[in-house]
2 protein chains.
Amino acid sequence: MRIALIGYGSVGQAFARLLERQRRRFPFRITAIQTRQRTAYDPHGLPLEPAWGPPVPVGEFLDRAAPEVVIEITSLNPVDGEPAISHIRAAFARSLPVITANKGPIAHAYTALRAEAAARHILFRFESTVMDGSPVFNLVRNNLPGVTIEGISGVLNSTTKVVLAEMAQGRSLAEGIARAQRIGIAEADPSYDIDGWDSAAKTAALANVLMDANVTPQSVQRTGIGALTPEAVRRAAAEGTVLALVSRVRREADGALTLTTQPERLARHDLLANVDGTSNVLLLHTDLMGTQGIVSVSPGVEQTAYGLFADLVDIAQQL
Amino acid sequence: MRIALIGYGSVGQAFARLLERQRRRFPFRITAIQTRQRTAYDPHGLPLEPAWGPPVPVGEFLDRAAPEVVIEITSLNPVDGEPAISHIRAAFARSLPVITANKGPIAHAYTALRAEAAARHILFRFESTVMDGSPVFNLVRNNLPGVTIEGISGVLNSTTKVVLAEMAQGRSLAEGIARAQRIGIAEADPSYDIDGWDSAAKTAALANVLMDANVTPQSVQRTGIGALTPEAVRRAAAEGTVLALVSRVRREADGALTLTTQPERLARHDLLANVDGTSNVLLLHTDLMGTQGIVSVSPGVEQTAYGLFADLVDIAQQL
């Protein structure tokens, strides 16, 4: 199966390494890569470090690449999900199935993209967008038939977890951020995490897919952790509670959804408070199955790459 | 789709109620039920309280019932998994797909049953045997393609969790058992839980299915919680640790599997120690996806019934 990658950062490279290791069992080949600055093509499969040519518009890239599946993994634009959404539409216009690890399109435009894919009978998958490749969307789709998701709660952002853990031990916000950057989970500009935008985008994505919300990250009532003082965090800890940046989706009595991302004081025995380090936890509150919890323990770029791979196997089985 | 139930206790009755509520979307009907004392048949579908006739041997029951799927939910015989294993074989002999919530056959005879089902091209499903219907086996089968499970850890038994929590607060083993019985999770004879047999059977089932172990519960190095004193449990709590009955499967350097179920002192921040009340947690240690955690929050008989339903939908889609 011929795969075109749009984007080739750390996730793309981890994905390429994973495909190499799995080639014997799974005959997938990356035959084209586009980044902002360059392109590469080889119908027989590209090496991990391909010979690069000049960049071209995405439509031209796809026409020349002639792939069977497109994987969109450009870096996130948190404001509107572009240009990833346009990349996905360029693939849809060519009747190509799409996999993305980019939460922007799912957080900003899922309802429209789902309809466009359905109208063309194209598969569209996005397992890696929220829990770094842990089965969430595929779990609900494949393993929970007949179940209605009635609510969602989660601690979905690793950087704020690490920062709050540092602050609970008396260090400042800046020291906490520096630590998250040292261990490689925070960006040079950490405001996207600290201000709650990453969690809000994941919250919107979960609500769009699992609860048919048709919202954007801007729909989420959002408070980051930037205004929390080390004293407040330490006091919460001293009083036997844990401060965490918690995301919740609730269906109100009138059927409307309330989406929040905000610091909450959790009891120390609360499952949301007790997933350590960089691990994330997601709780799905359901009608038939009570509450189901998914924990992604210290996920990294390899797990995100695996989520793409799982989606790819799913698509390959259905083509 | 015509379903024959073998066994009609609390799980069977919850399953029958679930089918009634889902009938509009899922056309499944229970057309025959067998228990130790009686049988009932109606090709158009049985009511929740059927008119009972006399018991017959299982083969006769299946021949008269002529179902499309057999669901085995008799109560567990921990020593050898019988008569459930014979019930399953009686269904296989008639080329009928089987679903079971009974961990005995999976813990004692999975490797043989899998081979027998495969030889006859029959589907065999058992999602509810370990985590009360939470997706575990179906998660690995459907959502983790190419992944090898390298190890398993879990706190898999609710009764011992409740008992140890009571003992940590200064109460005796007997008082803890009485509480577990009051909230409806412990049997009149709690020794199966307290002595670790329930956890050992789940450990063997997980290892058989996910790590191709071909073991029985007797293969598990097993220590129950009966010898723990309230003082030891309280002391562990006072020292900032948590005592839990932990099950583990490890692959040793020589490829052999080590299976254990024993009380362990866990750090308070250990995920295994932090799932409260009657909730269970399972960690799958994998090659490609790091550690994936599954939490079943306060599961009850409805969740176990749902696991049967999920297996049924899976089989219906493949028939």
Side-chain angles (χ1 to χ4, degrees), chain A residues 18 21-22 25-26 127 131-147 165 267-277 279-300 302-303 305-307 309-314 316-317, chain B residues 18 21-22 25-26 127 131-147 165 267-277 279-300 302-303 305-307 309-314 316-317:
Chain A
L18 175 59
R21 288 198 303 276
Q22 299 290 314
R25 280 189 61 195
F26 297 93
E127 186 61 85
M131 287 273 285
D132 307 280
S134 284
V136 176
F137 301 121
N138 294 335
L139 176 90
V140 173
R141 183 191 302 112
N142 297 333
N143 302 334
L144 295 176
V147 158
R268 202 184 287 287
H269 65 262
D270 192 311
L271 180 59
L272 292 178
N274 274 302
V275 177
D276 231 45
S279 305
N280 297 149
V281 60
L282 176 68
L283 301 178
L284 302 176
H285 310 292
T286 81
D287 57 345
L288 301 179
M289 265 309 277
T291 293
Q292 294 295 305
I294 303 159
V295 184
S296 177
V297 178
S298 305
E302 271 74 27
Q303 279 70 53
Y306 177 79
F309 176 78
D311 282 342
L312 186 60
V313 172
D314 184 44
Q317 285 170 343
Chain B
L18 174 60
R21 289 198 304 275
Q22 299 290 315
R25 281 189 62 194
F26 297 92
E127 187 60 86
M131 287 273 284
D132 306 281
S134 284
V136 176
F137 301 121
N138 294 335
L139 177 89
V140 174
R141 183 191 302 111
N142 297 332
N143 302 333
L144 295 176
V147 159
R268 203 185 287 288
H269 65 261
D270 192 310
L271 181 59
L272 291 178
N274 273 303
V275 176
D276 232 44
S279 305
N280 296 149
V281 59
L282 177 67
L283 300 178
L284 302 177
H285 310 292
T286 80
D287 57 345
L288 302 179
M289 266 307 278
T291 292
Q292 294 294 306
I294 303 160
V295 184
S296 178
V297 178
S298 305
E302 270 74 24
Q303 280 69 52
Y306 177 80
F309 177 78
D311 282 342
L312 186 59
V313 172
D314 183 45
Q317 285 169 344

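What you see below is based on every heavy atom in this structure, not just the backbone, and it leaves out hydrogens, waters and symmetry mates. Throughout, a chain's letter reflects where its sequence line sits, starting with A, and its residues are numbered from 1.
- Among Ile294(A), Leu288(A), Asp314(A), Val313(A), the residue making the largest number of heavy-atom pairs under 4.5 Å with chain B is Leu288(A).
- The residue among Glu302(A), Met131(A), Arg21(A), His269(A) with the most heavy atom pairs within less than 4.5 Å of chain B is His269(A).
- Neither the backbone nor the side chain of Asp311(B) comes within contact range of chain A; no heavy atom of the residue lies under 4.5 Å from a heavy atom of that chain.
- Considering every non-hydrogen atom in both Arg25(B) and Gly146(A), the closest pair reads NH1-CA, 3.6 Å.
- Closest of all the heavy-atom pairs between Met289(B) and Ser134(A) is CE-N, 3.5 Å.
- Among Asn143(A), Asn142(A), Val140(A), the one residue that satisfies the side chain to side chain contact (heavy atoms under 4.5 Å, CB included) test with Pro135(B) is Asn143(A).
- With a 4.5 angstrom heavy-atom cutoff, Leu144(B) touches chain A via backbone and side-chain atoms both.
- Heavy-atom pairs under 4.5 Å with chain B peak, among Leu283(A), Leu271(A), Asp270(A), Asp132(A), at Leu271(A).
- In this structure, the separation between CD on Gln303(B) and OG1 on Thr291(A) is 8.5 Å, given to the nearest 0.5 Å.
- Only the side chain of Gln22(B) has a heavy atom closer than 4.5 Å to any heavy atom of chain A.
- Within the 4.5 Å cutoff, no side-chain heavy atoms of Thr286(B) are placed close to those of Tyr306(A).
- Considering only heavy atoms from C-beta on, Asn138(B) stays 4.5 Å or farther from Leu139(A) through its side chain.
- Of all heavy-atom pairs between Pro145(A) and Ala310(B), the closest is CG-CA, 3.9 Å.
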